[in-house]
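Structure, as structure tokens:
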Amino acid sequence: KRLYVVRLDPEERRVVVGDATDLDCLHARVDEVNWISGKAPRKAIRARVQVRHRHVAVPAEIEAEEDGAATIRFDAPVRAVAPGQAAVFYDEALDEEVIGGGWITAGTP
């Protein structure tokens with residue numbers, strides 16, 4: 001059976017493995033978010049989010065946090081959302097217009 005690295009736990013010196021479906025995420029936290037408009041939206045917005053190079057941007061809801069971070073809620077599970085990757089937010093109506101982005105710090109099922 002094929003296994004995948006799901007999480008690294010350096011404090012316990014453990015590598016956590018699981019099935020391919022264990023790589024799927026519905027939520028992600030993004031830090032150091034840069035909003036192109038210069039201001040974070042006051043309420044949750046709809047956008048398309050790209051989480052890695054050559055990944056097709058997918059529909060999601062993004063909620064800006066007061067600390068300069070944001071929470072992403074994907075409409076459907078996204079495979080292999082990993083800390084350290086960039087997340088780019090695109091306007092849902094205007095196909096290629098970037099509205100913001102930041103660095104993924106956590107992804108959760």
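When a residue number appears, it is its place in the shown sequence, counting from 1. Keep in mind that the numbers below use all heavy atoms, side chains included, and drop hydrogens, waters and symmetry copies.
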Problem set entry | Among Arg48, Glu97, Gln50, side-chain hydrogen bond (donor to acceptor under 3.5 Å, both in side chains) partner for Tyr90 | Gln50
Exercise. Closest approach of Arg29 and Ala69, non-hydrogen atoms and distance?
Worked result: NH2-CB, 3.2 Å
Exercise. Side chain to side chain contact (heavy atoms under 4.5 Å, CB included) between Gln85 and Thr105: does it pass, once the steps are laid out?
Worked result: CA-CA 8 Å; Gln85 294 174 321; Thr105 56; over 6 Å; no
Problem set entry | Within 6.0 angstrom of Trp103 CH2, more than 12 heavy atoms from elsewhere | no
Exercise. Can you tell me how far the CZ atom of Arg73 sits from the CG atom of Leu26, to the nearest 0.5 Å?
Worked result: 11.5 Å
Exercise. Is the closest side-chain heavy-atom distance between Phe74 and Val58 below 4.5 Å?
Worked result: yes
Exercise. Step by step, would you call Phe89 with Ile72 a side chain to side chain contact (heavy atoms under 4.5 Å, CB included)?
Worked result: CA-CA 10 Å; Phe89 315 148; Ile72 302 170; 3.8 Å; yes
Exercise. Are Val33 and Ile99 in one and the same hydrophobic cluster, where Ile, Leu, Val, Met, Phe, Trp and Tyr link if side-chain heavy atoms are under 4.5 Å apart?
Worked result: yes
Problem set entry | Cluster check Leu3, Leu23: I/L/V/M/F/W/Y, side chain < 4.5 angstrom | no
Exercise. How about Arg46 and Asp75: do any of their side-chain heavy atoms sit closer than 4.5 Å?
Worked result: yes
For this session: Run the numbers on Ile104 and Val81 for side chain to side chain contact (heavy atoms under 4.5 Å, CB included), then give the verdict.
Result: CA-CA 8 Å; Ile104 298 169; Val81 176; 3.8 Å; yes
Exercise. Mind checking whether Trp35 and Val30 sit in one hydrophobic cluster, side chains of I, L, V, M, F, W, Y counted as touching below 4.5 Å?
Worked result: yes
Problem set entry | Val16/Val5 under side chain to side chain contact (heavy atoms under 4.5 Å, CB included): CA gap, chis, key distance, verdict | CA-CA 6 Å; Val16 180; Val5 174; over 6 Å; no
Exercise. Can you tell me if CD on Glu32 sees more than 12 non-hydrogen neighbours from other groups inside 6.0 Å?
Worked result: no
For this session: First locate atom NE2 of His27, then atom CD of Glu63, and finally report the distance between them rounded to the nearest 0.5 Å.
Result: 10.5 Å
For this session: Check whether Val17 and Leu8 end up in the same hydrophobic cluster, where Ile, Leu, Val, Met, Phe, Trp and Tyr are linked by side-chain heavy atoms less than 4.5 Å apart.
Result: yes
Exercise. How many angstroms lie between atom CD1 of Ile62 and atom NZ of Lys43, to the nearest 0.5 angstrom?
Worked result: 14.5 Å
Exercise. Among all residues two or more places apart in sequence or in another chain, which pass the side chain to side chain donor-acceptor pair (under 3.5 Å) test with Asp19?
Worked result: Lys1
Exercise. Heavy-atom distance under 4.5 Å between the side chains of His55 and Arg79, does that happen here?
Worked result: no
Exercise. Between Ala40 and Ala64, what is the shortest heavy-atom contact and its length?
Worked result: CB-CB, 3.7 Å
For this session: Would you kindly confirm whether Ile45 and Val78 end up in one hydrophobic cluster when ILVMFWY residues are joined by side chain heavy atoms under 4.5 Å apart?
Result: yes
Exercise. How close do Gly18 and Val6 get, heavy atom to heavy atom, and via which atoms?
Worked result: N-CG2, 3.4 Å
For this session: Tell me, please, which residues at least two apart from Asp91 pass side chain to side chain donor-acceptor pair (under 3.5 Å).
Result: none
